[in-house]
Amino acid sequence: MARTRSSLRRALAAGLTVLATAAATVVATAGPAAAATTPGVDVSHYQGTINWTSVRNAGIQFAFIKATEGTSVKDSAFNTNYVNSYNAGVIRGAYHFARPNISAGSTQANYLASNGGAWSADSRTLPAALDIEANPYSGGYCYGLSTTAMRSWVQDFLNTYRSRTGRYAVIYTTTSWWNQCTGSWTGPWANHPLWLARWSSTPGALPAGASVYSFWQYTSSGAVSGISGNVDRNYWNGDRTRLIALANNT
């Protein structure tokens, strides 16, 4: 993700089912330009002050913005980024960096929903994302949880977020982490959009049971006008019209 850099580093709406059918043939092998058409970024306070008008003018159409981590961290730039991106015409969503070994999934989902991760049908607000990946802190790659315990934690988070917002959260993860730490769990992909992290020219293999990705983070060293230094670059697997449909749950 904006990866941890020191403490940091998504039934889906019917529209995504249509997208999955249309996109399934290109997901596994096509490169960024061919596989997806709608560019985006994900950011946190590590990007410093962002000129969101310049970002939008550079062609960026969506952004995931770090809101929370664990149960006590709210990103210091979230409020500014969330409002300014919206005002610039960027479709944006919040994301939560998971800490499964410090509190229950429900606790962290409530923390996200109460601190920026809520949702409204305004054509520019995506359902929030659960960022769950290799543990950057002490406690082991899978946070010291068994595959059964990790599945329970993730399900607890997802259920609580849906109860609070009415939306299925996006899930950000890598194929290797997901398959190892959840035991190749297939359950969430029937409803929850996959935000795949793979820094490469192709998406490669998807997590077990996932037939299509919705978002793809393909580099951590992108450049975008309006953002100083490197920034994570992403693609939405569809056009802006379909992204707005996901935002509005239509």
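Just so you know, these numbers come straight off a predicted model, no measurement behind them.
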Inset, instruction - Would you give the length of the straight line joining atom CH2 of Trp177 to atom SG of Cys142, rounded to the nearest 0.5 angstrom? - result: 6.0 Å
Inset, instruction - Establish whether Leu112 and Tyr143 are linked, either directly or via other cluster members, by ILVMFWY side-chain heavy-atom contacts under 4.5 Å. - result: yes
Inset, instruction - Give the C-alpha distance, both sets of side-chain angles, the deciding distance and a yes or no for side chain to side chain contact (heavy atoms under 4.5 Å, CB included) between Arg240 and Phe62. - result: CA-CA 9 Å; Arg240 183 177 175 90; Phe62 71 90; over 6 Å; no
Legend entry - Residue pair Ile50 / Asn84, side-chain heavy-atom distance below 4.5 Å: no
Inset, instruction - Check the side chains of Gln217 and Tyr172 for a donor-acceptor pair under 3.5 angstrom, ignoring hydrogens and angles. - result: yes
Inset, instruction - Using the rule that two of Ile, Leu, Val, Met, Phe, Trp, Tyr join whenever any of their side-chain heavy atoms come within less than 4.5 Å, decide whether Val83 and Ile60 are in one cluster. - result: no
Inset, instruction - Using ring-ring contact (aromatic ring centres under 6.0 Å, His included) as the criterion, list what pairs up with Tyr82, not counting sequence neighbours. - result: Phe78
Legend entry - Atom pair OG1/CG of Thr186 and Asn179 - distance to nearest 0.5 Å: 10.5 Å
Legend entry - Modelled atom types, side-chain donor and acceptor of Asn79 and Lys74, under 3.5 Å: yes
Legend entry - Spatial distance of atom OG1 (Thr174) from atom CD (Glu133) [nearest 0.5 Å]: 7.5 Å
Legend entry - With sequence neighbours excluded, residues passing side-chain contact (heavy atoms from CB on, under 4.5 Å) with Ser103: Thr71, Thr107, Gln108
Legend entry - Contact summary for Ala247 and Ile91, nearest pair of heavy atoms: CB-CG2, 4.4 Å
Legend entry - Donor-acceptor side-chain pairing of Ser123 and Asn248 below 3.5 angstrom: yes
Inset, instruction - Write down the atom of Ser85, the atom of Ile65, and the distance for their closest heavy-atom approach. - result: OG-CD1, 3.5 Å
Inset, instruction - Only counting residues at least two apart or in another chain, list the ones meeting ring-ring contact (aromatic ring centres under 6.0 Å, His included) with Trp178. - result: Trp185, Trp189
Legend entry - Test ring-ring contact (aromatic ring centres under 6.0 Å, His included) applied to Trp153 - qualifying residues, sequence neighbours left out: Phe157
Inset, instruction - Verify the cluster assignment for Leu243 and Tyr86: are they in a single hydrophobic cluster under the rule of side-chain heavy atoms below 4.5 Å apart? - result: no
Legend entry - Arg151 side chain to Gly183 backbone, donor-acceptor under 3.5 Å: yes
Inset, instruction - Assess whether side chain to side chain contact (heavy atoms under 4.5 Å, CB included) is satisfied between Phe97 and Val73, documenting all intermediate values. - result: CA-CA 9 Å; Phe97 188 86; Val73 176; over 6 Å; no
Inset, instruction - Enter the distance from Leu145:CG to Asn101:CG here, rounded to the nearest 0.5 Å. - result: 7.0 Å
Legend entry - Given Trp216, Tyr213, Phe215, the one that forms ring-ring contact (aromatic ring centres under 6.0 Å, His included) with Trp236: Phe215
Legend entry - side-chain contact (heavy atoms from CB on, under 4.5 Å) partners of Ser114, counting only residues at least two apart: Arg164
Inset, instruction - Keeping the roles fixed (side chain from Asn135, backbone from Gly140), state whether a donor-acceptor pair exists under 3.5 Å. - result: yes
Legend entry - Atom of Ala58, atom of Val224 and distance for their closest heavy-atom approach: CB-CG1, 4.3 Å
Legend entry - Candidate pair His45 and Lys66, rule side chain to side chain contact (heavy atoms under 4.5 Å, CB included), full reasoning: CA-CA 8 Å; His45 70 276; Lys66 186 180 183 185; 5.6 Å; no
Inset, instruction - Output the distance between atom CD (Gln61) and atom OH (Tyr235), rounded to the nearest 0.5 Å. - result: 11.0 Å
Legend entry - Considering all heavy atoms, the nearest Gly166-Asn249 contact: O-ND2, 4.4 Å
Inset, instruction - Would you name the heavy atoms of Thr173 and Ile132 that are closest together and state the gap between them? - result: OG1-O, 3.0 Å
Legend entry - Where Ala169 and Leu158 come nearest, the two heavy atoms and their spacing: CB-CD2, 4.0 Å
Legend entry - Donor-acceptor pair, side chain of Tyr161 and main chain of Gly117, under 3.5 angstrom: yes
Inset, instruction - Verify side chain to side chain contact (heavy atoms under 4.5 Å, CB included) between Ser44 and Tyr95, making sure each step is shown before the conclusion. - result: CA-CA 10 Å; Ser44 71; Tyr95 78 82; 4.2 Å; yes
Inset, instruction - Under the side-chain contact (heavy atoms from CB on, under 4.5 Å) rule, collect the residues that match up with Asp156, sequence neighbours excluded. - result: Ala104, Ser106, Thr160
Legend entry - No-hydrogen, no-angle side-chain donor-acceptor test under 3.5 Å, Asp122 and Ser120: yes
Legend entry - Rounded distance (nearest 0.5 Å) linking atom CG of Asn234 with atom OG of Ser214: 12.0 Å
Inset, instruction - Establish whether Ile244 and Leu126 are linked, either directly or via other cluster members, by ILVMFWY side-chain heavy-atom contacts under 4.5 Å. - result: yes
Legend entry - Hphob cluster co-occupancy, Tyr141 + Ile102, side-chain heavy atoms under 4.5 angstrom: no
Legend entry - Donor-acceptor contact below 3.5 Å, side chain His96 vs main chain Leu130: no
Inset, instruction - Would you check if there is a donor-acceptor pair between the side chains of Arg198 and Ser200 at a distance under 3.5 Å? - result: yes
